Asks: 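Submitted below is the structure of interest, expressed as structure tokens.
Predicted model only: the values in this text are computed from it and were never measured.
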There are 2 protein chains.
Amino acid sequence: MKPKAPGPEKRTLPSVGAVSKERLRLWLRILKVSRFVEAELRERLRVEFGSTLPRFDVLAALYRDDTGLRMSELSGVLRVSNGNVTGIVDRLVKDGLIVRVPVEGDRRAMIVRLTNRGRETFAELAAVHEAWVDELLGAIDPDEADHLISLFGTIADRFEDNKTRDVQGGKGAHDGDS
Amino acid sequence: MKPKAPGPEKRTLPSVGAVSKERLRLWLRILKVSRFVEAELRERLRVEFGSTLPRFDVLAALYRDDTGLRMSELSGVLRVSNGNVTGIVDRLVKDGLIVRVPVEGDRRAMIVRLTNRGRETFAELAAVHEAWVDELLGAIDPDEADHLISLFGTIADRFEDNKTRDVQGGKGAHDGDS
DNA sequence: CTCAAAAGCTTTAGGCTTGAAATAATATCG
DNA sequence: CGATATTATTTCAAGCCTAAAGCTTTTGAG
């Protein structure tokens, strides 16, 4: 609970300072909406399918790539830690929705792939999920949606450029919403 | 385990089902941005202050209310489960930033309040936090911010109306971003 | 070839999160 | 008053999440 260094952390602050409050307010609104939508999706996945958002995310990533993904690619695409993916994958394997396949020529690596059952299950889930999102964001009309998509796209891209947060040398071509 | 009803969600739309995809895309963008910002804030809180976002949220809620909040009010304001708050509060108490005070006349209830140290600590944190958010959302200019604040506000309000997710009869006047 | 560095993954410790069950105290109904 | 329902909080089991440490395998410099 102590600032490790009182160091003058002057990070080339953008402009004067009046805008500050506005962006904070905006951030709180964004947070509120995204938490509401997430909570609602999580709840519905739980009640209607006995599943979770992280599981859904993993299945979605694998659904896009029929060849499967390495553990490290998976954690790169989903932007979560390596150890985290291990646990989620363990459970999905136990449920019979995915399999771990050894990689030819590299005994360290593992490729994770959907089983047939996994593919079917996800197809079902994805359709319902899309309908849910459409319903939950129903207040946003098409014009606004378009505007927001491009606006948020620029912000997200800016992050990627600034950070290059790609830890494991992931390919990063599977983000799916680009 | 089965979608109860895929209900034909046809709202006076220009094209048949094209909007659906748009809202899904938008949702993925929102999610991406909010996860990036959250991850960055969490990381900075950890590195610079040895703290976390949930702790910050609790302190923020208490900072607004000098009289303190009951456990149930706290979980209502933060929209997290009761049991969750218990754990976070335990740790903050152990750190000496807040205290649990018995409620006069109701031996079940507890009021949680900032200590002086807690108040000072949070004041520091809040200032830095605001600067971070301003920096992270720097790509959004004031006009857009204004527009987005009101847009997201409508969506958030719609949720509150639709759900009345207020579990413990919370006062709901402390959301702070209204 | 050798062996140290790097890469891929899992394990671990600690914390966050939920829904459900358990505890304890208060309120209400007869 | 006494039994029962409700309310406030904590505890619990299970899962998610991270950073850091550990293990195995591969790579690559000398």
Asks: Using residues 143-153 of chain A as the side-chain source, report each donor-acceptor pair under 3.5 Å to any protein atom, sequence neighbours left out, with the distance given to one decimal.
Replies:
from: A/Glu144; atom 1: OE1; to: A/Asp141; atom 2: N; distance (Å): 3.4
from: A/Ser150; atom 1: OG; to: A/His147; atom 2: O; distance (Å): 3.0

Asks: Output all residues satisfying side chain to side chain contact (heavy atoms under 4.5 Å, CB included) with A/Arg117, sequence neighbours left out; order by chain, then residue number.
Replies: A/Leu97, A/Thr115, A/Thr121
Asks: Between B/Gly83 and B/Ala109, which residue's closest nucleotide on DNA chain D lies nearer the 5′ terminus?
Replies: B/Ala109
Asks: Would you indicate, yes or no, if D/dA14 has its OP1 or OP2 atom less than 4.0 angstrom from a side-chain nitrogen or oxygen of A/Arg55?
Replies: no
Asks: So, is A/Asn82 close to the C/dC9 phosphate, meaning a side-chain N or O under 4.0 Å from OP1 or OP2?
Replies: no
Asks: Identify the pairs formed between an N or O of the protein and an N or O of nucleotides 21-28 of chain C at a distance under 3.5 Å, and give each distance.
Replies:
from: C/dT26; atom 1: OP1; to: B/Arg107; atom 2: N; distance (Å): 3.2

Asks: When all nucleic acid strands are considered with a 4.0 Å heavy-atom cut-off, which category describes B/Ile88: base, sugar-phosphate, or nothing?
Replies: sugar-phosphate
Asks: Would you mind reading off the distance between A/Asp90 atom CG and D/dG15 atom C1', rounded to a whole angstrom?
Replies: 12 Å
Asks: I want to know whether B/Phe49 and B/Phe56 have ring centres closer than 6.0 Å.
Replies: no
Asks: When you measure from the side-chain N and O atoms of B/Arg100 to the phosphate of D/dT10, is any distance below 4.0 Å, counting only OP1 and OP2?
Replies: yes
Asks: Please identify each residue that fulfils side chain to side chain contact (heavy atoms under 4.5 Å, CB included) with B/Arg35, with sequence neighbours left out.
Replies: A/Glu38, A/Asp57, B/Leu31
Asks: According to side chain to side chain contact (heavy atoms under 4.5 Å, CB included), who are the partners of A/Arg119, at least two apart in sequence or on a separate chain?
Replies: A/Tyr63, A/Asp66, A/Leu114, A/Asn116
Asks: Check side chain to side chain contact (heavy atoms under 4.5 Å, CB included) between A/Val103 and all other residues, then give those that pass, not counting sequence neighbours.
Replies: A/Arg70, A/Asp106, A/Ala109, A/Ile111
Asks: Without decimals, in angstroms, what is the distance between A/Leu53 CG and C/dT17 P?
Replies: 14 Å
Asks: Starting from P on D/dT26, measure out to CZ on A/Arg70 and report it in whole angstrom.
Replies: 11 Å
Asks: By nearest heavy atom, map B/Asn84 and A/Asn84 onto DNA chain C; which one lands nearer the 5' end?
Replies: A/Asn84
Asks: Please check if the side chain of A/Arg113 supplies one atom and the backbone of A/Arg100 the other of a donor-acceptor pair under 3.5 Å.
Replies: no
Asks: Just to confirm, is there a sub-4.0 Å distance from OP1 or OP2 of C/dG8 to any side-chain nitrogen or oxygen of A/Ser72?
Replies: no
Asks: Output the rounded distance in Å from CG (B/Leu69) to C1' (D/dT9).
Replies: 15 Å
Asks: Nearest-Å distance, CZ (B/Arg79) to P (C/dT18)?
Replies: 12 Å
Asks: Over how many whole Å does the gap from A/Met110 atom CE to C/dA7 atom C1' extend?
Replies: 16 Å
Asks: Without decimals, in angstroms, what is the distance between A/Arg46 CZ and D/dA14 P?
Replies: 15 Å
Asks: Using atom NZ of A/Lys94 as one end and atom P of D/dA14 as the other, report the distance to the nearest whole Å.
Replies: 10 Å
